[in-house]
Amino acid sequence: SINQDLGALMAFKAASDAGNKLASWNSSTHPCNWVFVSCLQNRVSRLVLENLDLHGSMEPLTSLTQLRVLSLKRNHFSGPIPTLSNFTSLKLLFLSYNEFSGEFPVTVTSLLRLYRLDLSHNNFSGDIPTAVNNLTHLLSLRLNDNQFSGHIPYLNLSKLQDFNVSGNHLSGEIPKSVLGFPKSSFAQNPSLCGAPLVKCKDTHPVPFKPDGSVGPNIASPLTPRSNPSTPVKNKTAPKTPSNTTHHHRHHNGASKMSPVILIAIIVGDVLILAIVSLLLYCCFWQNYSAKLKEGNRSKLLEGEKILYSSSPYPPSSSTQIGLERGQMVFFEGMKKFELEDLLRASAEMLGKGGFGTAYKAVLDDGNVVAVKRLKDAQINGKKEFEQHMEVLGRLRHPNIVSLRAYYYARDERLLVCDYMTNGSLFWLLHGNRGPGRSPLDWTTRLKIAAGVGRGLAFIHGSCKALRLIHGNIKSTNILIDQDGEPHVADFGLYGFAVPATKSNGYRAPEAMDGRKSTQKSDVYSFGVLLLELLTGKCPSVGESSGPGGGGAVDLPRWVQSVVREEWTAEVFDIELMRYKDIEEEMVGLLQIAMTCCAAVPDQRPRISHVVKMIEDIRGVEISPSHDTSDSVSESPSLSG
Ligand SMILES: Nc1ncnc2c1ncn2[C@@H]1O[C@H](COP(=O)(O)OP(=O)(O)OP(=O)(O)O)[C@@H](O)[C@H]1O
C-alpha cells in the first residue's frame with residue numbers, strides 16, 4: 001500500500017540524506033505530492049533522485065514494489081547492490097555515476113520488464129553474466145567505466161539499440177552478436193579484440209551461445225524493428241533447433257577445409273562481386289542519374305513554358321493588376337510584384353501534389369516565395385475561386401503558411417505563399433534515415449505537435465459561419481520555417497478536391513466513402529500526424545512519396561493492437577529512446593493522439609481542446625530553447 005511506500009521512502013531518507021536535500025519529504029504529507037516522486041494508482045511508480053549528494057545504501061527502496069522508473073544517478077551510493085527482485089514492474093534503472101561495487105547485480109536479470117539498464121561509472125567487477133539475456137526487452141545496456149573483466153558473453157538481445165562496455169577490463173574476442181555497435185562501445189578495454197576494434201592476434205574461437213552453437217549477428221543496432229503491420233507480441237523469432245544445427249553444420253564443414261582453399265574461395269567471391277557491382281554501376285546508375293537530371297530539368301522547363309504561355313501585358317500598379325487573361329491579387333504583407341517578375345524568377349520545383357506543382361521562386365528583389373500552380377481540378381469559375389481566395393488570403397497566424405497573392409486566368413491559377421526554408425515535417429521525420437541523420441528530438445516534436453494544433457485550431461475557429469476545414473492534414477503539408485516553427489500549408493484547397501474514396505493513411509474512415517470532410521475528420525488526421533511524430537512511422541498507405549521511416553502503416557490500428565504496457569518498447573520511435581525521462585510525456589501525447597483517432601467522429605475532441613491537452617503535457621510553454629528535460633544521454637550509440 002501507499003503507507004508501505006511512505007515507510008520505505010522515510011527509511012531511505014533517514015539512511016541516505018545526510019545533507020537534508022529531501023527536507024520536504026514529510027510523513028504528514030502524501031508521498032505522491034513529494035518532490036522527485038511520482039505515483040500511479042496511488043503507489044510510488046517513479047523516483048528520480050539525481051545529483052543530490054545521497055550516500056549509503058539503497059536497500060530501503062527495494063520494498064517499493066510498484067516502481068517503474070528508478071534513477072539514483074550522480075550520487076555517492078556504495079557497496080554491492082541489494083536484492084532487486086521485488087521491482088517486478090521496473091522498466092528503467094539508472095544507477096550510473098555512483099560508487100557501487102561488487103559483482104554485477106544478478107537479481108536485476110529477473111526484472112523482465114526492464115528496457116533500460118545503466119550501471120555505468122561505478123566500481124562493479126567480475127564477469128558480465130550470461131543471464132542478462134533474460135532481459136529480452138532491453139533497448140539500452142550501459143556497463144561502461146567499471147572494472148568488469150572476462151569475456152563479453154554472447155548476447156541474444158534482439159531489441160538492443162544502445163550498448164556500451166567501454167572502459168572496463170574485458171578481454172577476448174567481441175562476440176558477433178554485438179558486432180554492429182561502434183568502436184566507442186568497446187574502447188578502453190586493453191585486452192578486447194576483434195571487429196570493430198583491432199583484429200585478434202591469436203585465432204580465438206568464435207564465441208559460442210550458451211547452448212554451444214555459434215552465435216549469429218542478432219543484436220546489431222542495424223537490425224530493423226519488427227514490422228508493425230505484423231502481430232506485435234513475441235516478435236523475436238525463437239531459435240529453432242534446425243536454426244542452430246545449421247550454424248553448427250556450417251562451422252564443422254568449414255573447419256574441415258584447408259585455410260588456403262577457404263581464403264582463395266573468399267577472395268575469389270569478393271573479386272567477382274566487386275566486378276559485377278562495378279559493371280552494374282557503370283551500366284545503370286550513370287544512365288539513371290542522367291535521366292533523373294534530365295527529367296527534373298524538363299519538368300521545370302515545361303512548367304516555365306506553360307507559365308510563359310499565359311504571359312502578361314503591362315500591369316497597372318493597383319492592388320489588382322489587370323491582365324489580358326488574368327489577374328494578380330495581393331494580400332496584406334506582400335510587396336507587390338508583377339507577374340512578369342514571377343515568371344522571370346529563377347524557379348525550382350519543390351514537388352508535385354494532388355492539387356498541382358509547387359515551385360520555389362526567387363524574385364529580382366531577393367524575395368523568396370513558394371508558387372503553387374493549381375491543376376484544373378474542380379475549380380468551377382472565377383467568382384467562386386476569388387471568393388475562396390479572399391477568405392484564405394485574410395488568415396494570418398504564426399502557425400499557418402500565409403497566402404500572399406494569387407493569379408487567376410482561364411487556363412492558369414497560381415497561389416503565392418511564404419516560402420518555408422526548412423522543408424516539410426515529412427522529410428524531417430523520414431528523410432535521410434541512416435548514418436549522418438540528425439534525429440528530431442523530443443522537445444521539437446512536442447513543439448511541432450502543439451504548433452500544428454494551434455494552426456489548425458485557428459483555421460477551424462477563424463470563420464464561424466463557414467466552419468473552415470483543412471481537409472488534407474499530413475506531414476508533407478506541415479512546413480517548418482527558419483526558426484523551426486511549424487506552419488500548416490495547403491489549407492482551404494480541399495474545396496477544389498474530388499471527394500476521396502481511398503485512404504492516404506491520414507484520412508478519417510468517414511471521409512473515405514466520398515463523404516465531405518469535416519472539422520472532426522481534420523482532428524482524426526491530426527491524430528494520425530501525432531502518431532507519426534511519436535512512432536517515426538510513415539502512415540501514407542499506398543502513396544510512396546519518399547523514403548518511409550519503416551514502412552507504411554495504418555497507425556491508429558497498429559497502436560491499438562499493441563498492449564498498453566508495451567507502448568514504450570514497441571511503439572515509440574527508436575530515435576526517441578536516447579532521450580531520458582520523457583516516457584510519461586510520450587505516453588501522454590499518445591493518449592491524446594488515440595482520442596483524436598476515435599472511429600466515431602462525435603467522440604473526437606475539438607481541436608482547441610486537443611491543443612490545450614498538448615500544452616498541458618509539460619505544463620510550460622514548449623520551446624526547445626528553454627528545454628531542460630530532454631537530456632541526451634551520453635554517447636548514444638544509435639546508428640540509424
Ligand atoms: N510554401 C512552401 N515552402 C516550402 N516548401 C513547400 C511549400 N509549399 C510546398 N512545398 C514543398 O513542395 C512539396 C509539394 O507540395 P504540394 O503541396 O504541391 O504537395 P503535397 O503536400 O505533397 O500534396 P498535396 O497536394 O496533397 O498537399 C511539399 O512536399 C513541400 O515540401
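Atoms within a ligand are numbered from 1 in the order they appear, just like the ligands themselves. Only a predicted model underlies this, so the values are computations on that prediction, with no experimental measurement involved.
Residues E390 and F331 are in side-chain contact: their nearest non-hydrogen atoms beyond the backbone lie under 4.5 Å apart.
With a 6.0 Å radius and a threshold of 12 heavy atoms from other residues, nucleotides or ligands, H397 has its NE2 atom above the threshold.
With respect to the salt-bridge test (charged N to carboxylate O, under 4.0 angstrom), the residues E575 and R445 qualify. In this structure, K474 does not pair ionically with E532, as no charged nitrogen and carboxylate oxygen lie closer than 4.0 Å. Salt bridge D418/R404: present, at least one basic N to carboxylate O contact under 4.0 Å.
Contacts between L350 and ligand 1 below 4.0 angstrom, taking non-hydrogen atoms only, involve backbone and side chain alike. Neither the backbone nor the side chain of T421 has a heavy atom within less than 4.0 Å of ligand 1. Of all the heavy atoms of K360, none lies under 4.0 Å from any atom of ligand 1, so neither backbone nor side chain is involved.
Considering only non-hydrogen protein atoms, atom 25 (O) of ligand 1 sits nearest to G354 N, 2.8 Å. Counting only heavy atoms of the protein, atom 1 (N) of ligand 1 lies nearest to D418 O, 2.9 Å. Scanning all protein heavy atoms for the shortest distance to atom 7 (C) of ligand 1 gives L479 CD1, 3.3 Å. Closest to atom 19 (O) of ligand 1 among all protein heavy atoms lies G353 CA, 3.2 Å. Among all protein heavy atoms, the one lying closest to atom 22 (O) of ligand 1 is T476 OG1, 3.5 Å. Shortest contact from atom 21 (O) of ligand 1 to any protein heavy atom: N477 OD1, 2.8 Å. At the shortest separation from atom 31 (O) of ligand 1 among protein heavy atoms lies S424 CB, 3.8 Å. Closest to atom 9 (C) of ligand 1, if we only count protein heavy atoms, is A358 CB, 3.9 Å.
Annotation for ligand 1: atoms under 4.0 Å from non-hydrogen atoms of N472 are 24 (P), 26 (O), 27 (O).
Polar contact with ligand 1: present for D490 (N/O pair, distance under 3.5 Å). Of the polar atoms of M420, at least one N or O is found under 3.5 Å from an N or O of ligand 1, judged by distance alone.
Closest to atom 17 (O) of ligand 1 by heavy atom, among K372, M349, K474, is K372.
A donor-acceptor pair under 3.5 Å is absent between the side-chain atoms of S521 and the main chain of A508, judged by distance alone. Within the 3.5 Å criterion, the main-chain N or O of N472 finds a donor-acceptor partner in the side chain of N477. In this structure a side-chain-to-backbone donor-acceptor pair under 3.5 Å is missing from R413 to L374.
Relative orientation of the H470 and F491 rings is tilted, given thresholds of 30° and 60° on the angle between their planes.
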